Amino acid sequence: MDLLALSDFNLVARHGGFGKAARATGRPKATLSRRVAELENGLDLRLFERGVRTLKLTQEGRALFERTARLLAELDETASAIATGGQTPRGKLRISAPVLFSQSAMGKIAAEFTLKYPEVRLEITAEDRSVDMIEEGYDLVIRVNPDPDESLIGRAFLRDRLVVVANPTLPRPKKDGPTPGVVRGKGERQTWRVTTTGGPSTISIEPVLGLASLIMVRDAVRVGVGAARLPISLVAYDLAEGTLVSWGDIDGPEIALWTLYPSRRLLSARMSAFLDFLKQAFPNGTPDELAAYIGR
């Protein structure tokens, strides 16, 4: 297979068109078109569906792009490392991280990492949805309790747990009566199972607020409008200072944050540097470490 033609195919696929790829790279549009046509002829496959104003990958073209994009990037990184005589972290690193972790910690992490590795250009998006790493061009994703995926490998680098917290002025829940609550998302009535020093119990919640983020939920709970389920790392200082009180730990699975990347990908120097940086920031991966890193 002609690697130059394969590289040009990846350029067109990544930019979504011959014209866009030509403008982005300075390559002649006619050359890109000819190279892709030669690749299609050599493989005896149609890689793009060509419309009057649209260009769309065929099923075979998408499969080829997904399997070769990373390999070509690794070849470029290897050649660059050899040319510069070392493995200095450099280049772009695209990361997708959960909204709460991004809002509370990723700004500080990104800034400190950039100061340490100024030749790496971080691009971080905050989203809770499950992204397609290959299709959307991410090098690394951070996810909470991810589902098993044979195409990805990684590790848990932080752990947390949920607690029910409230302003000290809010009356403790009665045995059968509902308690005003602040929830993330839709405000539907719900029951929370908690564990306290006195044993397990349940709290019936009547939502008075449904908010879009846990940062908003915490701020509302501080005012005293209702109780909420929140990660202990997010309210550790409030609990220590007495501005919030705990009504018990949520009885449920542990919260674990994982770093994930494609299993076939050779780790670049910048990826290894970022993973090591997270390990140094959270050596034991405990909620207390995250709370201390977030600060007040």
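Keep in mind that what you see is a predicted model, and the values were worked out from it rather than measured.
- Counting heavy atoms from C-beta on, the side chains of V182 and M216 never come closer than 4.5 Å.
- Among all heavy-atom pairs drawn from V245 and L239, the shortest one is C-CD2, 3.6 Å.
- Looking at F48 and T58, their side chains never come closer than 4.5 Å, going by heavy atoms from C-beta outward.
- Contact record, V163 with S246: CB-OG, 4.4 Å, taken as the closest heavy-atom pair.
- A donor and an acceptor atom, one from each side chain of E241 and T243, are nowhere located under 3.5 Å apart.
- L140 pairs in a side-chain contact (heavy atoms from CB on, under 4.5 Å) with only one of the listed residues (R94, R270, M271), which is M271.
- Distance NZ/K92 to CG/L122: 11.5 Å, rounded to 0.5 Å.
- Side-chain contact between I250 and V194: present, with at least one pair of heavy atoms (C-beta onward) separated by less than 4.5 Å.
- With hydrogens and angles left out, the side-chain atoms of S233 and R161 include no donor and acceptor closer than 3.5 Å.
- Here the closest non-hydrogen pair linking E254 and D160 is CG-O, 3.9 Å.
- Rounded to the nearest 0.5 Å, atoms OG1 (T25) and CG (L32) are 5.5 Å apart.
- With values rounded to the nearest 0.5 angstrom, K20 atom NZ is found 10.5 Å from H15 atom NE2.
- Between the side chains of N167 and T169, a donor-acceptor pair is found at a separation under 3.5 Å.
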- Message: Using the rule given for side-chain contact (heavy atoms from CB on, under 4.5 Å), can you reason through I255 versus V144, listing the C-alpha separation, both sets of side-chain angles and the distance that settles it, and then say yes or no?
- Response: CA-CA 7 Å; I255 301 172; V144 177; 3.7 Å; yes

- Item | Test log, rule salt bridge (charged side-chain N to carboxylate O under 4.0 Å, His left out), inputs R50 and E40 | CA-CA 13 Å; R50 296 164 173 82; E40 288 180 317; 3.0 Å; yes

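- Using a cut-off of 4.0 Å between Lys/Arg side-chain N and Asp/Glu carboxylate O, R222 and D219 are scored as salt-bridged.
- By the neighbour-count criterion of 12 heavy atoms within 6.0 Å, atom NZ of K108 is densely surrounded, having more than that number from other residues, nucleotides or ligands.
- Atom CG of N41 sits in a crowded spot, with more than 12 heavy atoms from other residues, nucleotides or ligands closer than 6.0 Å.
- Here the side chain of S7 pairs no donor or acceptor atom with the backbone of L3 at under 3.5 angstrom.
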- Give the intermediate values and the outcome of side-chain contact (heavy atoms from CB on, under 4.5 Å) for residues V120 and T114. CA-CA 7 Å; V120 178; T114 298; over 6 Å; no

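- Looking at heavy atoms from C-beta onward, Y138 lies out of side-chain contact with Y261 at the 4.5 angstrom threshold.
- I124 CD1 to S96 OG: the interatomic distance, rounded to the nearest 0.5 Å, is 10.0 Å.
- Transitive grouping of hydrophobic side chains (ILVMFWY, heavy atoms separated by less than 4.5 Å) brings L100 and V165 into a common cluster.
- In this structure the side chain of L234 reaches within 4.5 angstrom of the side chain of L214, judged on heavy atoms.
- Using a distance-only test at 3.5 Å, with no hydrogens or angles considered, a donor-acceptor pair links the side chain of N145 to the main chain of A256.
- Side-chain polar atoms of Y117 and T88 form no donor-acceptor pair below 3.5 angstrom.
- Of all heavy-atom pairs spanning A228 and V217, the tightest one is CB-CG1, 3.5 Å.
- Annotation for R34: atom CZ counts as buried by contact number, over 12 foreign heavy atoms lying within 6.0 Å.
- Classification of R184 and D128 as a salt-bridged pair holds, one side-chain N sitting under 4.0 Å from a carboxylate O.
- Summarising the geometry of G226 relative to L170, their closest heavy-atom pair is C-CD2, 3.7 Å, with the distance given to 0.1 Å.
- A salt bridge links E123 with R121: the closest approach of a Lys/Arg side-chain nitrogen to an acidic carboxylate oxygen falls below 4.0 angstrom.
- Under the 4.0 Å criterion applied to side-chain N and carboxylate O atoms, R189 and E206 are assigned as salt-bridge partners.
- Note: the hydrophobic cluster containing I109 also contains L290 (ILVMFWY, side chain heavy atoms under 4.5 Å, direct or indirect links).
- The shortest side-chain heavy-atom distance between V141 and I95 does not fall under the 4.5 Å cut-off.
- If you chain together hydrophobic residues whose side chains sit under 4.5 Å apart, V235 and V221 fall into the same group.
- Q280 has its side chain out of reach of E112: every pair of non-hydrogen atoms, C-beta onward, lies at least 4.5 Å apart.
- Using a cut-off of 4.0 Å between Lys/Arg side-chain N and Asp/Glu carboxylate O, E289 and R159 are scored as not salt-bridged.
- The distance from atom CZ of F101 to atom CG of L257, rounded to the nearest 0.5 Å, is 6.0 Å.
- Enclosure of atom CZ in R46 is not indicated, since only 12 or fewer non-hydrogen atoms of other residues, nucleotides or ligands lie within 6.0 angstrom.
- For the pair R143 and R129, the tightest heavy-atom approach, listed with the atom from each and the gap, is NH2-O, 2.9 Å.
- For E66 and R14, the salt-bridge test fails: no basic side-chain N is under 4.0 Å from an acidic carboxylate O.
- Residues L93 and F274 have side chains in contact (heavy-atom distance under 4.5 Å, counting atoms from C-beta outward).
- Cluster membership for M106 and F157, using ILVMFWY side-chain heavy atoms within less than 4.5 angstrom, is shared.
- Annotation: the span from Q59 atom CD to L64 atom CG amounts to 13.0 Å, rounded to 0.5 Å.
- The backbone N or O of K29 lies less than 3.5 Å from no partner atom in the side chain of S33, so there is not a single donor-acceptor pair.
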- Message: Test side-chain contact (heavy atoms from CB on, under 4.5 Å) on R229 and W192; report intermediate values, then the result.
- Response: CA-CA 9 Å; R229 295 183 299 183; W192 297 342; 3.3 Å; yes

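- Residues L55 and L6 share a hydrophobic cluster, clusters being chains of Ile/Leu/Val/Met/Phe/Trp/Tyr side chains in contact below 4.5 Å.
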- F18 vs V36, side-chain contact (heavy atoms from CB on, under 4.5 Å): CA-CA, chis, key distance, verdict: CA-CA 10 Å; F18 291 101; V36 171; 3.8 Å; yes

